[in-house]
2 protein chains.
Amino acid sequence: MSIRDERKQQSRQALLDAALKLSTSGRSFSTISLREITREVGLVPTAFYRHFEDMDKLGEALIEQVSERLRQMILTLRQGYLSHEHSKTQTSIQFFFRAVDESPQDWMFLIAERWGGSTTVRGEISQEIELLVQDLANDFSASADFKHIKSSDDLRVMSSILVNLSFTWAMTWLDFATQYTGGELVDWQQQYIEQVSTQVRLLFRGIANWQS
Amino acid sequence: MSIRDERKQQSRQALLDAALKLSTSGRSFSTISLREITREVGLVPTAFYRHFEDMDKLGEALIEQVSERLRQMILTLRQGYLSHEHSKTQTSIQFFFRAVDESPQDWMFLIAERWGGSTTVRGEISQEIELLVQDLANDFSASADFKHIKSSDDLRVMSSILVNLSFTWAMTWLDFATQYTGGELVDWQQQYIEQVSTQVRLLFRGIANWQS
DNA sequence: TGTACATCAGTGAACGCGCGTTCACTGATGTAC
DNA sequence: TGTACATCAGTGAACGCGCGTTCACTGATGTAC
């Protein structure tokens with residue numbers, strides 16, 4: 001890639017990063033302006049048009065990028081789980097929240113825009129979530145816990161429960177950090193880990209006793 | 001109430017109704033303007049200030065009103081369920097979706113603003129959801145299916161799963177109506193009712209086999 | 001009941017501001033010979 | 001390698017627009033006597 005192309009890519013990425021940052025600092029994507037983004041990056045407003053036709057197009061690119069990062073991250077998470085299949089539920093939950101803490105903006109953006117954004121945005125996010133559900137369902141079908149589930153529809157439904165609940169878990173978790181600090185935060189987090197563990201155990205109890 | 005007070009109340013309610021309508025027609029509360037609301041009602045922009053200090057205050061009032069309506073509606077739903085406790089899961093789900101269809105804007109507003117709104121809005125909605133979770137947990141404790149659950153914490157965790165999943169169900173359901181029409185819509189709805197039924201049965205399978 | 005004054009929901013003009021978008025430009029980087 | 005021209009990311013001025021908010025106002029309704 002030429003020097004010019006490289007610099008252009010950097011600017012483009014800076015615009016995307018700024019948009020993600022501004023969209024997850026107490027406001028939503030649809031309330032931030034083109035000028036705010038360029039201001040954050042240190043470019044003149046008109047430079048925006050060298051990279052995106054308008055804010056909608058930047059939004060599309062952002063969803064794609066965020067989804068891709070989340071999918072990769074969850075893939076790593078699932079591989080970690082499969083290689084220690086018999087670890088405690090709590091440990092798995094802790095790994096999940098550690099992953100959430102590692103890229104909080106990605107989670108916040110996808111979840112806030114899932115129902116909050118425009119119809120287009122929602123459609124694109126729905127598709128990405130469908131991929132996550134399918135990924136997880138595939139993992140399930142390879143796991144010993146699910147050997148007795150014959151219907152692949154049932155597997156997808158179970159996967160869907162977990163994916164949807166995990167969004168609530170992630171956002172509740174991230175909200176704690178904005179409401180509490182220090183020891184109080186740790187206490188709430190600890191307590192929440194236990195609550196989520198109970199939820200997961202309950203689900204797996206249901207799965208263990210499932211017959212189609 | 002005097003004639004003047006009555007008319008003032010009507011205008012105030014008209015502003016709230018317009019705000020709810022505009023917030024749920026493809027955009028979110030934070031993207032609609034004071035002027036749009038008064039235009040929708042047929043008032044001059046400055047008249048707004050006779051009723052609310054600013055948009056934030058109107059938002060608070062709207063959350064309160066929407067939450068109250070949803071709580072009443074869910075109360076009716078739960079009473080209906082308790083009086084036909086041994087009806088099929090599918091029938092209960094159908095009643096739920098009928099309720100969603102009866103006040104779609106209330107559901108859309110609360111769910112979209114749950115993670116999409118400002119920090120204040122989110123805090124207020126969290127509290128309202130906590131009330132819903134507690135209501136449902138109380139119902140559980142009176143139900144035969146939950147006699148063996150000793151811990152009230154466990155009851156609340158189970159209730160919390162159901163409340164959180166129900167939000168996803170409601171929004172997914174309402175999204176169908178924007179994407180499909182006629183027979184195709186009915187087919188998707190039918191299919192989704194079955195998927196949700198599977199989810200609920202799975203949860204209750206877990207609950208039935210629960211030991212603390 | 002009638003009158004004189006007070007209240008106050010709604011009006012309409014005016015303001016300054018940040019917005020998205022246009023346009024002609026600049027000057028560093030790329031390309032052809 | 002050196003030169004002459006092309007490309008194009010970023011600039012800066014300018015625009016019209018909808019916004020929230022102020023202010024003095026109007027006229028119907030309420031209240032005191």
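Since this is a predicted model, take the numbers as computed values, not measurements. A note on names: the letters A, B, ... follow the listed sequences, proteins ahead of strands, and every chain is numbered from 1.
Using the Watson-Crick or G-U wobble rule with both distances under 3.5 Å, dT1(D) pairs with nothing in any strand shown. Across all strands shown, dA6(D) forms a Watson-Crick or G-U wobble pair, both distances under 3.5 Å, with dT29(C). Across all strands shown, the partner of dT21(D) is dA14(C), judged by Watson-Crick or G-U wobble contacts whose two distances both fall under 3.5 Å.
Boundaries of the chain B contact region on DNA chain C are dT7(C) to dA13(C), first to last in 5' to 3' order (nucleotide atom under 4.0 Å from a heavy atom).
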Inset, instruction - Output, in order, the C-alpha distance, side-chain angles, deciding distance and verdict of side-chain contact (heavy atoms from CB on, under 4.5 Å) for I93(B) and Q90(B). - result: CA-CA 5 Å; I93(B) 307 293; Q90(B) 275 220 14; 5.6 Å; no

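Note that the CD1 atom of I63(B) and the CZ atom of F109(B) stand 5.0 Å from one another [nearest 0.5 Å]. Taking CD of E40(B) as the reference point, atom CD1 of I32(B) lies at 9.5 Å (rounded to 0.5 Å).
One finds a salt bridge joining E130(A) and R156(A) here, because a Lys/Arg side-chain nitrogen approaches an Asp/Glu carboxylate oxygen to under 4.0 Å.
Comparing H51(A) and R7(B) against DNA chain D, the residue whose closest nucleotide sits nearer the 5' end is H51(A). Residues R4(B) and P45(B) both approach DNA chain C. Their nearest nucleotides, taken by heavy-atom distance, put R4(B) toward the 5′ side. Mapping K8(B) and T46(B) onto DNA chain C by nearest heavy atom places K8(B) at the nucleotide closer to the 5' end.
Residue contacts for Y49(A): at a heavy-atom cut-off of 4.0 Å it reaches a base atom on one of the strands shown. Backbone-only engagement by E36(A) is indicated by non-hydrogen atom pairs under 4.0 Å involving sugar-phosphate atoms exclusively. No engagement by R12(A) is indicated, since no non-hydrogen atom pair under 4.0 Å with the nucleic acid exists.
Screening W107(B), Y81(B), Y192(B) for a ring-ring contact (aromatic ring centres under 6.0 Å, His included) involving F96(B) leaves a single residue, W107(B).
By the 6.0 Å and 45° rule, R98(B) stacks over the aromatic ring of F95(B).
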